[in-house]
There are 2 protein chains.
Amino acid sequence: MANNTFESIYQTLKKRILKGDYSIKMRLPIEDDLITEFSSSRYAVRKAIKKLSEEGLVYSVKGRGVVLLEHTPQTQQFNLNLGELSGIHTASPDAPFDYQTDLVSFEQIIVDQALSQQTAFEVGIPVYALKRVRKINGTRAVIDINYFNAQLIPGITPKIAHDSIYNYIQKTLKVKIAVVKRMLRVDSAQSVDTENLALGKNNCVGNMISIAFNDSGRQFEYTESHFIPNELVFNQLIRN
Amino acid sequence: MANNTFESIYQTLKKRILKGDYSIKMRLPIEDDLITEFSSSRYAVRKAIKKLSEEGLVYSVKGRGVVLLEHTPQTQQFNLNLGELSGIHTASPDAPFDYQTDLVSFEQIIVDQALSQQTAFEVGIPVYALKRVRKINGTRAVIDINYFNAQLIPGITPKIAHDSIYNYIQKTLKVKIAVVKRMLRVDSAQSVDTENLALGKNNCVGNMISIAFNDSGRQFEYTESHFIPNELVFNQLIRN
DNA sequence: GAGTGGTCTAGACCACGGT
DNA sequence: CCGTGGTCTAGACCACTCC
């Protein structure tokens, strides 16, 4: 993991910050001191600080220095887990949760005008359309409504859909998932939700809409994940 | 705006991408060509490309080049509005929406154990606690439940709360809002929600929890924004 | 005015993708 | 193998903060 200079500086600094080594001054050492300490270039030091800043641990002020952001046990849960593609957590992040998939429907269809409007796929191309219910610790918590471009992601079968499509995409097809764009909404529950999810008295769902791109820039997926209230959390970070 | 070299390169490239100049090859020119064209250094060109990539327009592949991500009118709404601190949009982003604030409650209190657990403020410090309902086009769409550290943000009055606290913080107190960390959840509606929001038949709310930091790294705010379903959208971008 | 991070240049070598 | 982006160095000047 620490093959790169900047990565190893980043990790050293992060450990120290979390251990509290810099919390008296609420500052990182200045760049020149870090350059000396790590016997490296300004480029590497600055790249390490950039990464800490992207994670929400520090904030750089021109002319003053690199400031530590206050962090307490409560605010830890606001910090981003980078490198995690899903970006979705359970409300109790420590509990490693049990996970089970039910395939509700599976078909191959051609994109018509309405579906094109919804999914941004071109009219006329073939897509796999599937619905899967995710049980978390036995509770029907999420329904995934997927559309995969069948030209870019060929050969999906019910068995693959039941196991892991993302495994199939990456390991078998060797397709690189480069970028995922998302929108989050809260929607009133539709029949597909009330029929498949353990909503209890709740009549709304969270709706995470994702479109995913391969490393040639082509959109290969449109997915809506409808999830029950009170269970899932998303993180965001805004810097000025 | 285009004082910096990299910023002006970024804006030129962005315009060209959106105009479709590069869409035949689905690639950006290679770094060396951009260096020549803009008579600048590799640093500036790479920083411009980095910004395009952070915005979700392109994706760099080592050994291959910089790939354009497909974009259609539908996928435009997934692209990030950088530089917008609020990050919250109406479902129809173009319509400049009408906005009205009702101050529901206003008090100054001391943080106790329970509130500290919730807000991450230290026990014993004074905070302003307020609730405000936001009417969007006449609909009671959002209730903001704010706690401001009264030592860092002193002198809030009901009038300020009714007008704009963020104006007061930035313009009057000259406090720099450096970083905002957020969590998004869907919660079952509580009494504070049913009493103050136009929920209609819905019995859930979206809950955006924000903590904000000044440029000394101190947390000055904890806010929960509860909003009605079907009206608001959040964007996210994940890169590999 | 001294200290500090932000921008920029010129150059080198490495790692990966495709031929 | 060649072309490409990723990492890294050494150095310069600028813009901002704080005393």
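So you know, we letter chains A, B, ... as the sequences are listed, proteins then strands, and number each from 1.
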### Query
Think A:R64 has a side-chain N or O under 4.0 angstrom from the OP1 or OP2 of D:dC18?
yes

### Task
Classify the side chain of B:R27 and the base of D:dT4 as holding, or not holding, a donor-acceptor pair under 3.5 Å.
no

### Query
Quick one: B:I49 CD1 to D:dT7 C1', roughly how many Å, whole number?
15 Å

### Task
For the pair B:E70 (side chain) and A:Q219 (backbone), establish whether a donor and an acceptor sit closer than 3.5 Å, ignoring hydrogens and angles.
yes

### Task
For the side chain of B:N4, starting at C-beta, report the closest nucleotide among D:dC8, C:dG5, C:dC8.
C:dC8

#### Entry: Nearest-Å distance for atom pair CD1/C1', residues B:I9 and C:dT9
12 Å

### Task
Tell me whether the OP1 or OP2 atom of C:dG6 has a side-chain N or O from A:R46 closer than 4.0 Å.
yes

### Query
B:S60 has a side chain; which of C:dT9, D:dG5, C:dT7 sits nearest to it?
D:dG5

### Query
What integer distance in Å separates A:I30:CD1 from D:dC18:C1'?
15 Å

### Query
Is the shortest side-chain N/O distance from A:S41 to OP1 or OP2 of D:dC8 below 4.0 Å?
no

### Whether B:F148 and B:Y166 hold their rings parallel, tilted or perpendicular, with breakpoints at 30° and 60°
perpendicular

### Message
Can you tell me if B:K47 touches the phosphate of C:dC8, counting only side-chain N or O atoms and a distance under 4.0 Å to OP1 or OP2?
### Response
no

## Note on the structure
The nucleotide from C:dT7, D:dG5, D:dT7 with an atom nearest the side chain of B:Y43 is C:dT7

### Query
Taking NZ from A:K62 and C1' from D:dC13, how many angstroms apart are they, rounded to a whole number?
12 Å

### Query
Between C:dG5 atom P and A:Y59 atom OH, what is the distance in whole Å?
14 Å

### A:D144/A:K131 salt bridge by N-O under 4.0 Å criterion
no

### Summary
Note: A:Y222 and A:I211 closest approach over all heavy atoms is CD1-CG2, 3.7 Å

### Task
Take the protein atom CG of A:D32 and the nucleotide atom P of C:dG5, then report the distance between them rounded to whole Å.
8 Å

### Message
In whole Å, I'd like the distance from the CD1 atom of B:I35 to the P atom of D:dG3.
### Response
16 Å

### Query
How close or far is atom C1' of C:dT7 from atom NZ of B:K51, stated in whole angstroms?
14 Å

### Query
Salt bridge check: are A:E7 and A:K47 linked by an N-O gap of less than 4.0 Å?
no

### Message
For a quick test of reading the model: is some side-chain N or O of B:T5 closer than 4.0 Å to OP1 or OP2 of C:dC8?
### Response
yes

## Note on the structure
Whichever of A:G63 and B:S40 has the more 5' nearest nucleotide on DNA chain C, that residue is A:G63

